[in-house]
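Structure first, then comments.
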There are 2 protein chains.
Amino acid sequence: MEKVAETTEPPGRREQNKIDTRKAIADAALALARRDGPGSFTVDQIAASAGVSRRTFFNYFHSAEEALNIRMESFLELAIGIFAEQPAGLPLLDTMIAAFGATTQVQNLGTHGELFRMAADNPELLRAQLHSWERAETRIVQAVQERLGSGVSHLYVTALVGSVLSCTKAAMQDWAGETPEPDDASGADLEARIVRALSLLREGFAHPA
Amino acid sequence: MEKVAETTEPPGRREQNKIDTRKAIADAALALARRDGPGSFTVDQIAASAGVSRRTFFNYFHSAEEALNIRMESFLELAIGIFAEQPAGLPLLDTMIAAFGATTQVQNLGTHGELFRMAADNPELLRAQLHSWERAETRIVQAVQERLGSGVSHLYVTALVGSVLSCTKAAMQDWAGETPEPDDASGADLEARIVRALSLLREGFAHPA
DNA sequence: GCCACAAATTGCACACTGTGCAAGTTCTGA
DNA sequence: TCAGAACTTGCACAGTGTGCAATTTGTGGC
């Protein structure tokens, strides 16, 4: 019985080291972004601050922005996971509302808002974030395709998923803009906004309430 | 009478040279992308091919991808212009449908589909395009805010505009994917898709027709 | 036409990015 | 304990993006 619960934890020293290194780099990048501003530091600084070589940094991330953006990725990862867990029978938009509303329970929610605000004056970071949303979109489109079968048009699915993500993004931006303090307890505020935006979508934006 | 119609044409040699140079660079970039593939050429090659120095290239564009992406920008520019011309009384979504449907009359429509397809296997180009859509979104949001006055919530406007652009993007992607030949006469196909996607949006995606 | 001024182009230097490769170090399993 | 796999690191190299100063080119007054 050397290995226990191999389904979820075969870490070993190697895996754990990689996880630690990855986290150390991401943390170093965030700390530098907070101190010097989003675009005002180099990869060398991140690497030195994380205690690894420049080359190792690039073994983990393609760019400084990607190291920052890993948190946004985890948020979208969570959204995709929750969506996949939802029962398949319900109307699609209700399922989406449930899934994206639940994402607000993610750890360190305040940091996500912070990164949103950072992207406002850092084009490279903004591009990285937009790219993250784009990749999430294609993954969700695939999941929805599988769920609905081949009877639904591709355009319907892509337009729907794109709109849902746009509304979620708008809700997060609105929330991040009006919640400058890194308050992790304001998840309810964000959830309310997401639900509101997606409800507007479900009603075809008929009333500008 | 040395100058005629100074309202729209004070070009002079200077202005015209800049326009020509800009166009020469963009054309050179597109030609190289067609020949070698989107990410397989350098700024030096573009500059040489356009007959300018490397430094001059960077006076016009921030990156190779931006030089490619200028056409997508012009498309979005056209959309914004048409939207601004629409009468202000109509329902917002109808105005949007009219505006984005009309954009398909842009010159060299086939090239736009081509660039969409290129972005599929070139992350940098994709990011540049996403960034273009993002900037267009904020501009349209501003225009809508002015049109509707301050009585409407910010979240409503951003969610609406984001959804409209997502649907338009989905329509273009669908069209570009199923129209591999650079056929400039297929504008009607694209327009039909855009109108269909936006109609779905207006109905809250109720029927997956 | 001439000339001073403004605007655009260019070469150069410099810091930084991103990647292949080979040598070194650390973990794994028998 | 040890061979081999996996990870890290230094190095080299091509490419990017930008400030600066020198040069060329268009503009407008005289």
Exercise. Check the distance between C:dT10's P and B:Phe57's CZ and give it to me in whole angstrom.
Key: 13 Å
Quiz item: Where along nucleotides 1-9 of chain C does protein come under 4.0 Å, by heavy atom, of base (B) or sugar-phosphate alone (S), with - for untouched nucleotides?
Solution: -----BBSB
Quiz item: Any idea which heavy atoms bring A:Thr104 and A:Leu109 closest together, and the distance?
Solution: O-CD2, 3.5 Å
Practice problem: Apply salt bridge (Lys or Arg N to Asp or Glu O under 4.0 Å) to A:Lys18 and list each qualifying residue two or more places apart in sequence or on a separate chain. | Solution: none
Exercise. To the nearest Å, give me how far apart CZ (B:Phe58) and P (D:dG19) are.
Key: 12 Å
Quiz prompt | For atom CD1 of A:Ile25 and atom C1' of D:dT8, their distance in whole Å | solution = 11 Å
Quiz item: Would B:Glu137 and B:Lys169 pass as an ion pair if we require N to O under 4.0 Å?
Solution: no
Only distances under 3.5 Å count here; give the side-chain donor-acceptor pairs of residues 41-51 of chain A to other protein atoms, sequence neighbours excluded, each with its distance to 0.1 Å.
unit_1	atom_1	unit_2	atom_2	d
A:Thr42	OG1	A:Asp44	N	3.4
A:Thr42	OG1	A:Gln45	N	3.2
A:Gln45	OE1	A:Thr42	N	3.0

Protein and nucleotides 13-15 of chain D: nitrogen or oxygen contacts under 3.5 angstrom:
none

Quiz item: Does anything in residues 65-81 of chain A pair up under side-chain hydrogen bond (donor to acceptor under 3.5 Å, both in side chains), and if so which pairs, sequence neighbours excluded?
Solution: A:Asp27-A:Arg71, A:Asn69-A:Ser132, A:Glu73-A:Ser132, A:Glu73-A:Arg135, A:Glu77-A:Arg139
Quiz item: Rounded to whole angstrom units, what separation is found between the CD atom of A:Glu65 and the P atom of D:dG17?
Solution: 12 Å
Exercise. Check the pair A:Phe83, A:Arg147 against side chain to side chain contact (heavy atoms under 4.5 Å, CB included), reporting the backbone distance first and the verdict last.
Key: CA-CA 11 Å; A:Phe83 173 75; A:Arg147 181 171 291 214; 4.3 Å; yes
Quiz item: For residues B:Ser166 and A:Ser166, is any side-chain donor paired with an opposing acceptor at under 3.5 Å?
Solution: yes
Self-check item: Along DNA chain D (nearest heavy atom to each residue), the more 5'-positioned of A:Gly51 and B:Arg13
Solution: A:Gly51
Practice problem: Identify whether any heavy atom of A:Arg55 sits under 4.0 Å from a base atom; if not, whether one sits that close to sugar-phosphate; answer base, sugar-phosphate or nothing. | Solution: base
Exercise. Scan residues 116-141 of chain A for pairs that pass ring-ring contact (aromatic ring centres under 6.0 Å, His included), counting only residues two or more places apart or in two chains.
Key: none
